[in-house]
Amino acid sequence: MSMKSRNAFRLSLTYIILTLIAICAIYPAVWVLFSALRPGSALFSEQFFPSNPTLIHFKELFTSPSFSFGRWYWNTLKIATLSMILSTLLTTLSMYALSRFRFKGRKTLLTTMLVLGMFPGFMSMVAIYILLLQLDLLDTHAALVLVYSSGSVLGGFIVKGFYDTIPRSLDEAARIDGASHLTIFWRIMLPLSRPMLTYIGLTTFTGAWVDFIFARLVLRSKENWTLAVGMWDMVANFQNSNFTMFAAGAVMIAIPIMILFAFLQKFLVEGLTAGASKG
């Protein structure tokens with residue numbers, strides 16, 4: 001077999017594998033979408049495409065008195081947005097300080113953050129629950145925002161790596177012109193950090209949007225639930241018989257994430273690769 005034939009075979013095999021992976025990734029999403037449009041309450045159907053598509057399940061999500069999907073949607077949107085803003089602010093400021101400044105205890109702090117990031121979040125849930133109980137923050141959205149925002153800082157090493165790639169000559173030139181540290185950060189670093197800010201904001205928003213375990217642990221009253229907790233309760237209370245409405249809710253949950261990824265995909269890719277190496 002010639003070199004040209006081997007290259008053609010490898011390319012064809014690569015395309016086949018990528019096509020199979022794409023089918024495996026897209027098929028469940030398409031199945032959920034068609035299930036949301038399928039009449040009745042069962043997911044099983046002899047036909048892949050719904051014979052009589054309907055939007056009644058989407059209407060029932062917002063009109064049924066049994067649950068408050070609209071309220072849960074607003075709660076989740078509020079928590080995810082506030083977590084995204086606060087997390088982006090805390091992560092960029094802290095990682096910028098650790099990247100640009102040299103102070104006593106800096107290496108110890110970095111090592112501590114690295115070690116704490118190795119442990120799963122489940123290990124800290126009991127301690128966080130007791131702390132929130134003592135602070136009277138249980139069953140509040142502020143508790144989720146604080147935990148999501150502060151927890152994201154431990155994973156900010158990619159942000160520090162990004163700031164390490166920015167030449168220090170920019171800081172030195174600005175300092176000669178009389179700029180303060182805050183002015184340098186605001187006027188120089190933030191405009192250059194647009195891909196990294198997009199990465200931090202999008203990952204934090206997505207994590208808060210789909211989180212179930214911690215939200216289920218903290219939130220008690222039904223009116224304060226998030227979408228993940230409410231959707232789980234929807235299926236559990238209906239004895240696993242309301243799956244088509246659950247599929248409609250899953251489609252509604254996916255809409256904001258799809259919009260964000262569609263508009264911010266370019267900056268997300270740049271942010272993922274920007275802090276991967278140090279120049």
Side-chain angles (χ1 to χ4, degrees), residues 58 60-95 113 116-117 119-156 159 197-238 242 245-246 248-261 263-264:
F58 294 93
E60 290 178 353
L61 284 174
F62 297 94
T63 58
S64 176
S66 302
F67 42 85
S68 306
F69 187 84
R71 182 65 178 270
W72 300 337
Y73 208 95
W74 165 248
N75 291 341
T76 310
L77 182 62
K78 177 178 64 175
I79 293 171
T81 303
L82 292 177
S83 300
M84 176 183 66
I85 296 173
L86 186 58
S87 173
T88 303
L89 180 63
L90 291 176
T91 305
T92 51
L93 286 174
S94 58
M95 293 301 119
M113 293 175 58
L116 290 177
F119 294 96
F122 296 98
M123 296 182 62
S124 62
M125 282 193 175
V126 176
I128 294 176
Y129 179 86
I130 296 175
L131 181 62
L132 294 177
L133 178 62
Q134 294 177 344
L135 296 176
D136 197 22
L137 287 177
L138 286 180
D139 198 25
T140 62
H141 295 159
L144 295 180
V145 174
L146 290 175
V147 173
Y148 292 152
S149 303
S150 58
S152 63
V153 177
L154 295 177
V159 184
L197 295 177
T198 302
Y199 164 75
I200 300 171
L202 188 56
T203 52
T204 306
F205 183 92
T206 305
W209 184 265
V210 301
D211 179 64
F212 167 76
I213 297 178
F214 187 72
R216 184 70 179 89
L217 177 68
V218 174
L219 301 178
R220 302 295 179 176
S221 55
K222 192 172 184 178
E223 61 272 11
N224 288 333
W225 282 353
T226 59
L227 280 172
V229 181
M231 292 286 287
W232 172 82
D233 184 76
M234 178 195 303
V235 177
N237 283 346
F238 281 82
N242 215 28
M245 191 180 300
F246 183 89
V251 173
M252 294 297 298
I253 292 175
I255 290 177
I257 305 298
M258 293 174 59
I259 294 175
L260 286 176
F261 270 92
F263 284 97
L264 303 177

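Any value given below was found using the heavy atoms of this structure, including those in side chains, with hydrogens, waters and symmetry copies removed. Remember, predicted model here, so these are calculated numbers, not experimental data.
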How many angstroms lie between [atom1] in [X] and [atom2] in [Y], if you round to the nearest 0.5 Å?
| X | Y | atom1 | atom2 | result |
| --- | --- | --- | --- | --- |
| Y73 | L61 | OH | CG | 10.5 Å |
| I130 | L135 | CD1 | CG | 12.0 Å |
| I79 | W74 | CD1 | CH2 | 11.0 Å |
| L260 | T198 | CG | OG1 | 10.5 Å |
| M125 | L217 | CE | CG | 6.5 Å |

Inset, instruction - Might you work through the side chain to side chain contact (heavy atoms under 4.5 Å, CB included) test for T206 and I257, ending with a clear yes or no? - result: CA-CA 7 Å; T206 305; I257 305 298; 4.0 Å; yes
Taking all non-hydrogen atoms of both residues, which atom of [X] and which atom of [Y] are closest, and how far apart?
| X | Y | value |
| --- | --- | --- |
| R220 | D139 | N-OD1, 2.8 Å |
| A80 | A208 | CA-CB, 3.8 Å |
| S83 | L144 | OG-O, 4.4 Å |
| T92 | T88 | OG1-O, 2.6 Å |

Treating [X] as the side-chain partner and [Y] as the backbone partner, does any N or O pair qualify as donor plus acceptor under 3.5 Å?
| X | Y | result |
| --- | --- | --- |
| N75 | E223 | yes |
| S94 | T91 | yes |
| S149 | L146 | no |
| T76 | L227 | yes |

Inset, instruction - Run the ring-centre check on F246 versus W232 and record whether the distance is less than 6.0 Å. - result: no
Inset, instruction - Go through the steps to decide whether H141 and L219 satisfy the test side chain to side chain contact (heavy atoms under 4.5 Å, CB included), and finish with yes or no. - result: CA-CA 8 Å; H141 295 159; L219 301 178; 4.1 Å; yes
Inset, instruction - Decide yes or no on side chain to side chain contact (heavy atoms under 4.5 Å, CB included) for M252 and F62, but give the supporting numbers first. - result: CA-CA 11 Å; M252 294 297 298; F62 297 94; 3.9 Å; yes
Legend entry - I200 vs S87, side chain to side chain contact (heavy atoms under 4.5 Å, CB included): CA-CA, chis, key distance, verdict: CA-CA 8 Å; I200 300 171; S87 173; 4.1 Å; yes
Legend entry - Aromatic plane relationship, F205 with W209 - under 30° parallel, 30 to 60° tilted, over 60° perpendicular: parallel
Inset, instruction - Name the orientation class of the two ring planes belonging to W225 and W72 (parallel below 30°, tilted from 30 to 60°, perpendicular beyond 60°). - result: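 Answer is tilted, since the angle falls between 30° and 60°.
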Inset, instruction - Determine whether D211 and T226 make a side-chain contact, defined as any pair of heavy atoms from C-beta on separated by less than 4.5 Å. - result: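 D211 does not reach T226 side chain to side chain.
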